[in-house]
J.: 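My structure is below; once you've seen it, I'll send some questions.
Quick caveat, the model's predicted, so the values are computed rather than measured.
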Amino acid sequence: MSTLTALARAQARMADVAQRVATVRHVHIGTRPMVLVPLALAGEANAPLAALVGDDPATPRLFVVSQPRNRDERFAFAAELASVIVPYVEGFAATTEQVPAERGETRARSLDAPQLVLPNRAGIAFTRLLGRSTRFRRPDGDHPVDPAVPVLGRWLSFLTERAEHPGSCLMLAATEALSLHWASGQSELEDLNLATLLAWIDPPPGVGGAAAAAVGEDPLASPPAGPVTDPGFDNDVLAPLIDAFARTTEAARSESGASAELGHAAVRRARSALERALTGQLLPTWQLVWRALELLRELPAGDHVARRWEADRDAFTGYAAYLRDGGLPQPRRDGAVAAARRLNWLERAQASFAAQRAFDDPLVMAEYRMTGEAFAGQVVAADPGRVSEGAKRRVLRPWITVATADPVLVMPGTVVTSPARRGQKAQVISVTAAVAPGPVHPVMLEAGNGASGPALVALELSGGMGRGLVAPPGSVPEPGERVCYSTLTADYLPIAEFPPPEQTPWTHGGPPAPYEPDDEDAAEDWS
Amino acid sequence: MTGVPTTAGAAARGGTVSAASLAVAAADQVIADLAAGHRAVVVDSPPGAGKSALVVRAARALAGAGEPVMLVAQTNGQVDDLVDRLASAALVRSGSAGLAGAAGAVAGPIGRLCGQDYVPSARVRRHAGVTVSTEIGDLADCVVVVGTAAKWATVRAGAWSCAWAVVDEAYQMRSDLLLRIAGQFDRALLVGDPGQLDPFATVDIDRWAGLTWDPMQSAVEVLLRHNPDVVVRRLPVSWRLPPSAVPVVAEAFYPFGGFAAGSGPGDRRLAFSSSSLWRDEPVDAALSLAVQTGWALYELPARHTVRTDSEAVQACAALAARLLQRGCVAYSEAHPGGMPAGADRIAIGTAHRDQARAIRNALGPALAAVTVDTANRLQGREFDVTIVLHPLSGRVDATAFHLEAGRLCVLASRHRHACIVVARAGIPELLDAYPSTEPVHLNVPAKFPDGWEANQAVMAHLTGHRVSAR
Amino acid sequence: MTDTEARLDQIRGAMPPRPHNARTIAALTANPGCVRRAILDAAGVDKPRLAAASGFPAPFGQSRFAIARGNAFEALVKADGCAELLRLLRDKLGLPIPEASYADLEDVAGSTSLPVRHARTRQLVTRTAGSGADAGTLFDHPLLTLEVGGRLAYLEPDLIAFRLRDRFHVVEIKSFAAIDGQADPDKVAAAAIQSAVYVLAMRELLARSGRDPDLVADEVVLVCPKDFANRPVGALLDVRKQLTVLQRQLSRLALIADLVELYPPGISLDLAMDETGVPRRAASELAAALEIFPARYSPECLASCEMCRFCRHEARATTAALGRAVREELGGVEYVDTALRLADGEAKPGGGQHDAAALLRTAARLRAESLAAAG
């Protein structure tokens with residue numbers, strides 16, 4: 001939380017409607033996203049209860065587990081889900097383009113990639129466990145499952161891993177995507193509720209955000225976005241329906257002839273009553289997720305969004321190829337090397353995502369200006385022809401001075417860059433900072449302190465000015481020009497090198513046993 | 001865990017002679033361990049316990065055995081310090097007489113492995129026997145090669161290997177960095193201060209919680225979790241902290257193994273050269289109390305403030321300015337005749353960078369020689385007098401960041417003579433109101449000392465040294 | 001009866017005090033700075049009912065399915081004299097329990113009276129502690145006591161095992177799963193602090209009987225389902241930190257007298273109902289009485305306190321209602337409209353608000369500038 005976002009929340013509270021915290025869209029919204037709204041049975045680690053899924057807002061598919069503790073029904077549910085999700089995901093792998101790779105070669109990249117959208121972070125966590133509980137299964141052996149089930153597991157595991165990756169959009173949580181762009185008039189914790197968050201962003205006509213959010217919090221008016229269900233619904237509606245379904249199924253089994261026919265009709269009725277009730281819980285959230293996507297799509301995309309989506313497409317293409325080649329399911333936990341390597345990826349992705357957003361969006365850059373890691377202002381002096389003695393030859397090193405009202409935190413010696421001139425580095429030579437407001441201690445007055453006014457930052461420029469000793473026009477900011485400099489860098493960060501897993505050093509437990517999923521993995525209980 | 005006999009503290013309190021002999025014994029023990037066939041030796045060092053001297057001595061001992069030694073530190077500044085010490089004939093700081101046996105330069109060339117952007121500092125340049133290079137190949141003849149962990153991690157596999165690595169500040173090094181360099185050595189000596197700040201990651205993720213190789217833990221933690229039989233030693237004597245600080249710091253931050261002060265009760269003394277400047281004002285009262293007792297809490301009226309509370313900022317600056325105006329002189333076992341505690345011997349410590357900036361601004365160019373920095377950047381440094389802006393001052397809520405034991409420990413253990421804490425009133429109430437709802441992960445060892453408790457302990461002590469600002 | 005007790009009784013009114021249990025004692029550490037919560041807890045007020053009667057019912061409910069799952073798992077772990085649990089303690093945790101006997105303390109010779117059951121627990125536990133016997137014992141449904149703010153609370157841990165590494169170990173059975181070695185960290189944290197309550201109660205019991213309180217380990221055994229199945233798995237939880245926190249908060253409860261003194265006498269939150277089950281006092285009357293005791297509301301309360309909706313409504317104009325971090329970033333300014341007026345330069349900063357005003361004005365300038373730049 002920054003002061004700017006905090007201020008936006010306060011403004012939202014006062015204006016009774018959410019306020020923007022981004023001027024452009026920082027997430028990619030696919031041409032054909034798929035929405036998944038799962039519900040789980042309360043008290044269980046990962047017992048699916050029902051889900052709405054599909055890529056068309058008008059025609060969601062409903063899957064229901066009518067006896068949530070029945071293992072076979074769970075796998076049947078997973079197979080049904082797989083029948084929708086797997087073809088959707090793998091369909092994107094069919095069309096590829098060739099893009100340049102290392103050493104003048106080319107490689108394939110899928111033209112587009114899947115995008116699975118969940119209502120919230122808890123939905124992603126549920127999907128992760130669903131992936132975990134299905135990816136090790138086998139279509140053969142003692143506990144055979146539908147062949148699509150382990151494939152679904154691997155894809156869901158892949159997508160949920162990508163969801164941890166800053167800036168990746170293969171799997172989104174609607175609440176998080178919205179929060180990246182709007183500040184509501186409620187707290188971050190309350191923003192986890194998709195209904196109340198959207199109520200602030202997009203209240204019904206004539207209704208204020210606070211009032212709309214109050215409706216969004218009422219489980220009867222707005223069923224929870226899951227995967228946890230409303231306890232009231234569980235106790236008053238769901239439990240009797242599940243009991244009724246179990247009773248009629250039991251009764252139908254023991255009947256024959258005409259009464260069996262009646263019994264089957266009763267089972268069908270009980271089943272459709274259950275489906276109706278669960279649809280009633282799921283459909284409002286389904287609509288909210290699609291509404292969220294609509295709102296996001298209306299924002300203009302930031303410059304780097306397409307580039308990050310390319311990285312997503314690369315990751316997707318790579319995993320699809322890995323699966324085609326019979327790759328193993330993801331291990332339960334990362335080994336020592338895999339963990340360290342992943343942390344390195346994540347930290348690099350985090351840094352570049354942060355920098356790219358700031359470069360794409362002045363409102364995000366303002367966050368860094370607020371904390372003093374960036375400053376914007378006017379060039380008040382420039383020496384564009386300044387030349388200094390380099391190590392080997394004389395080099396062009398223009399100086400400029402920027403006057404800024406921002407609180408500057410960068411220290412002399414720091415290298416900063418401007419989003420407008422990314423190829424040019426600017427080293428801070430000196431900062432004469434404005435003195436903070438407030439009373440000055442008498443001792444400090446005696447010490448002769450008390451200067452005030454805007455900060456002046458002197459910068460030495462290098463790069464982006466050609467090879468000569470005269471800067472081409474426009475390559476050095478001129479007096480009067482508005483500029484913005486920050487310590488952020490969107491440069492390519494080198495990938496850290498790690499030993500191969502089989503050379504894991506003794507400090508980290510030594511080489512692990514090679515990973516082979518075993519029969520025990522495949523036979524794991526799901527009860 | 002093997003360690004110093006529990007009587008160490010008590011014996012040391014008897015006087016500097018026994019403290020010195022304890023320290024020598026502990027260092028000798030570590031050197032003996034290196035020859036005893038252990039795969040790794042870990043040395044826990046409280047603040048100012050002669051850690052660097054030990055690192056240099058160990059490097060020297062190992063290099064003497066004929067094998068090249070790799071020496072690893074965490075920042076370029078730390079690496080340069082080690083290079084300087086290694087290359088200097090007079091290695092031993094006055095005061096750490098206990099390690100006098102370590103004196104003497106390494107026989108043979110010393111390598112300084114560095115990155116592309118590194119500019120050798122004066123303390124490296126002045127040694128002719130030091131080769132500086134970005135390429136390990138250029139340093140093949142060196143008996144000791146020193147570099148940051150991050151630089152060592154870029155050395156190509158197979159380009160370097162050695163029997164022993166000595167890792168300094170190992171508690172501030174992350175596990176994943178150790179993983180990247182561990183292939184280059186067979187055995188390791190890891191030295192560090194367990195009480196200081198833990199390494200951190202820029203992503204907030206609990207994916208690896210409970211794994212013994214969690215890459216976000218420290219190098220020492222990961223090593224010990226996989227090698228539980230590793231020998232752990234502890235340096236028993238702080239040469240930096242005065243007797244007034246040792247019990248406070250030891251109790252709050254080193255609950256499982258105390259340490260003693262290397263100086264005796266009468267050895268350290270501060271005095272003002274211009275007594276006529278004294279005024280009946282809170283700033284002077286705080287300075288007087290700090291001079292007399294080694295501690296002062298300069299307490300501003302209770303108020304919820306922004307992070308860069310300008311009154312607190314002004315108070316920090318005023319205390320430093322006044323200290324210098326009055327001509328503070330530090331008398332110690334090293335300088336019985338007194339040494340002026342000038343601006344370069346004074347530091348102001350904060351939790352946040354913007355606080356440090358505001359204090360620097362308040363000090364102005366005239367007092368620019370006073371070190372003002374965050375706890376992170378003050379790690380490993382030493383001053384005569386420190387002024388600390390308490391991390392919890394003026395806050396409405398405590399947070400895990402502001403409660404972190406390592407942060408307060410760094411801030412409260414940089415001084416040789418006195419520490420003055422600036423804070424808004426109300427910190428005890430803030431601590432009492434702190435909700436203890438931190439998540440707990442299975443198979444993750446509980447971390448001690450707990451920041452909340454450590455803060456309580458320090459505040460309890462400071463309450464007895466309070467000077468009200470108004 | 002002391003003055004304080006009389007005052008607390010008056011606040012509670014005609015209803016009997018709600019007894020504490022491990023969960024409510026653990027909750028004392030969730031928001032220890034809240035005076036309202038402290039007084040309601042000390043007086044034993046029925047918070048769920050009070051919340052409902054004041055017009056803001058607590059948003060908590062428990063699903064039938066979750067309760068059934070919890071009961072089924074505990075039954076499974078304890079079936080056949082805790083056979084499954086013993087297997088776990090031996091195999092998975094490497095704890096030597098050669099021969100375990102099993103003592104069910106749920107009823108004592110047909111009596112389920114709390115004092116009788118507690119006396120029996122105390123007798124058995126002290127005897128075992130003194131025996132040094134080499135046989136392990138599992139005490140099922142033991143009944144412990146702990147003094148909380150001057151009143152005795154009865155506590156019922158899931159199980160206590162003796163002679164695991166020569167100590168008494170509290171065993172906590174939870175039905176949330178540990179998947180690939182990790183469980184929901186918030187649920188583990190809640191289990192840890194509840195277990196710490198039992199450790200504390202056990203230690204006091206031993207101390208009262210002249211035994212060494214350290215016979216009770218500060219490591220508790222957490223038993224929960226493994227992965228997606230019903231098989232239990234065990235983990236040791238170090239609760240030393242939780243014990244410190246708990247002890248400190250319990251000792252602060254003793255200061256309730258000072259706290260109550262701060263407020264005028266005669267405040268009553270009486271929840272008595274008339275013959276038709278309608279509370280005698282109007283919601284507005286109760287609300288007015290409640291507001292006399294200041295709350296320390298933050299959005300985290302929404303997950304843990306029955307009064308949360310009431311306090312949130314009361315705090316709706318404050319920056320705290322937007323989150324602790326928001327209040328901090330707004331310079332600690334208490335009210336949303338003050339913060340905005342300072343940001344716009346409309347309001348003159350009051351005493352001590354200069355820093356906050358400067359911060360807010362910078363933020364407002366940067367926000368306006370950036371939004372304008374984007375068009």
Side-chain angles (χ1 to χ4, degrees), chain A residues 1-11 13-14 19-20 23-24 41-47 68 129 132-133 185-190 210 217 219 228-235 238-239 332-333 361-367 369-370 376 405-407 436-439 524-527, chain C residues 59-70 175-182 225-231 298-300 302-303 316-317 319 321-331 333 336-337 339-340 343 354-355 357-360 362-367 369-371 373-375:
Chain A
M1 178 72 50
S2 68
T3 300
L4 280 175
T5 315
L7 181 67
R9 278 190 190 274
Q11 288 171 338
R13 171 87 237 178
M14 219 41 141
Q19 302 290 307
R20 282 161 76 173
T23 63
V24 293
L41 187 72
E44 305 276 336
N46 190 238
L129 290 182
R132 162 66 182 81
S133 62
Q186 61 186 5
S187 68
E188 274 182 313
L189 282 172
E190 290 157 302
E217 217 170 39
V228 178
T229 47
D230 169 40
F233 169 77
D234 279 7
N235 298 344
L238 184 61
R332 291 160 185 243
R333 308 273 321 247
D361 188 341
L363 202 46
V364 176
M365 184 59 92
E367 308 259 2
R369 293 169 59 190
M370 189 75 210
D406 297 349
E524 185 175 66
D525 273 357
W526 192 13
S527 54
Chain C
F60 309 126
Q62 225 190 345
S63 165
R64 247 177 67 174
F65 299 110
I67 297 169
R69 161 80 169 167
S175 62
F176 56 79
I179 296 168
D180 297 334
Q182 282 305 307
K226 182 179 187 310
D227 298 334
F228 305 100
N230 263 327
R231 293 275 285 179
S298 78
E300 285 77 11
L302 292 168
R316 64 195 179 283
T319 54
L322 299 176
R324 293 173 201 238
V326 172
R327 179 176 50 178
E328 180 188 344
E329 290 295 339
L330 295 178
V333 174
V336 171
D337 83 319
L340 290 176
H354 287 276
D355 289 341
L359 179 85
L360 290 167
T362 304
R365 172 179 67 80
L366 287 173
R367 226 183 116 67
E369 212 178 284
S370 311
L371 281 167

J.: Based on non-hydrogen pairs under 4.5 Å, which of A/A47, A/P407, A/A405 is most in contact with chain C?
T.: A/A405
J.: Need one label for A/E190: side chain, backbone, both or neither, based on atoms under 4.5 Å from any heavy atom in chain C.
T.: side chain
J.: Side chain, backbone, both or neither: which part of C/E300 has an atom under 4.5 Å from a heavy atom of chain A?
T.: both
J.: With a 4.5 angstrom heavy-atom cut-off, which part of C/A343 approaches chain A: side chain, backbone, both or neither?
T.: side chain
J.: Ignoring hydrogens and geometry, is there a side-chain-to-backbone donor-acceptor pair from A/E44 to A/L41 under 3.5 Å?
T.: no
J.: Just give me the residue among C/V336, C/I67, C/L302 that pairs up with chain A most often, heavy atom to heavy atom, under 4.5 Å.
T.: C/V336
J.: Among A/A376, A/A10, A/A45, single out the residue with the greatest number of heavy-atom pairs under 4.5 Å to chain C.
T.: A/A10
J.: I want to check something: taking the side chain as every heavy atom from C-beta on, are C/R367 and A/L4 in contact at a cut-off of under 4.5 Å?
T.: yes
J.: Would you mind telling me which of A/E367, A/E188, A/R333, A/R9 has the largest number of heavy-atom pairs within less than 4.5 Å of chain C?
T.: A/R333
J.: When you measure from the side chain of A/T23 to the backbone of C/L371, do you find a donor-acceptor pair of N or O atoms at a distance under 3.5 Å?
T.: no
J.: Do C/S63 and A/N235 touch side chain to side chain, with heavy atoms closer than 4.5 Å?
T.: yes
J.: Of the backbone (N, CA, C, O) and the side chain (C-beta and beyond), which part of A/L189 lies under 4.5 Å from a heavy atom of chain C, both, or neither?
T.: side chain
J.: Go through it in stages, so that I can follow the logic: the residues are A/L238 and C/F65, the test is side-chain contact (heavy atoms from CB on, under 4.5 Å), and I'd like the CA-CA distance, side-chain angles, deciding distance and then a yes or no.
T.: CA-CA 10 Å; A/L238 184 61; C/F65 299 110; 3.6 Å; yes
J.: Assess the residue pair C/L322 and C/E329 against the criterion (side-chain contact (heavy atoms from CB on, under 4.5 Å)); give the C-alpha distance rounded to whole Å, side-chain angles, the decisive distance to 0.1 Å, and a yes or no.
T.: CA-CA 11 Å; C/L322 299 176; C/E329 290 295 339; over 6 Å; no
J.: Determine the option with the most heavy-atom pairs under 4.5 angstrom with chain C, choosing from A/N46, A/D361, A/D406, A/V24.
T.: A/D406
J.: Do the charged groups of A/R369 and C/E369 touch, with an N to O distance under 4.0 Å?
T.: yes
J.: So which part of C/A357 gets closer than 4.5 Å to some heavy atom of chain A, the side chain, the backbone, both or neither?
T.: neither
J.: Kindly write out the residues that satisfy side-chain hydrogen bond (donor to acceptor under 3.5 Å, both in side chains) with C/R316, not counting sequence neighbours, or none if the list is empty.
T.: C/H313
J.: Who among A/A366, A/A239, A/A210 has the most heavy-atom pairs with chain C under 4.5 Å?
T.: A/A239
J.: Of the backbone (N, CA, C, O) and the side chain (C-beta and beyond), which part of C/I179 lies under 4.5 Å from a heavy atom of chain A, both, or neither?
T.: side chain
J.: Of all of A/Q19, A/R13, A/R132, A/M365, which one pairs up most often with chain C through heavy atoms under 4.5 Å apart?
T.: A/R132
J.: Between A/R332 and C/D227, is there a salt bridge with N-O shorter than 4.0 Å?
T.: yes
J.: Can you list everything that forms a side-chain hydrogen bond (donor to acceptor under 3.5 Å, both in side chains) with C/T319? Sequence neighbours excluded, please.
T.: none
J.: As an exercise: rank C/R327, C/R324, C/Q62, C/R365 by heavy-atom pairs under 4.5 Å with chain A and give me the winner.
T.: C/R365
J.: Tell me, side chain or backbone of A/T5 under 4.5 Å from chain C's heavy atoms, or both, or neither?
T.: neither
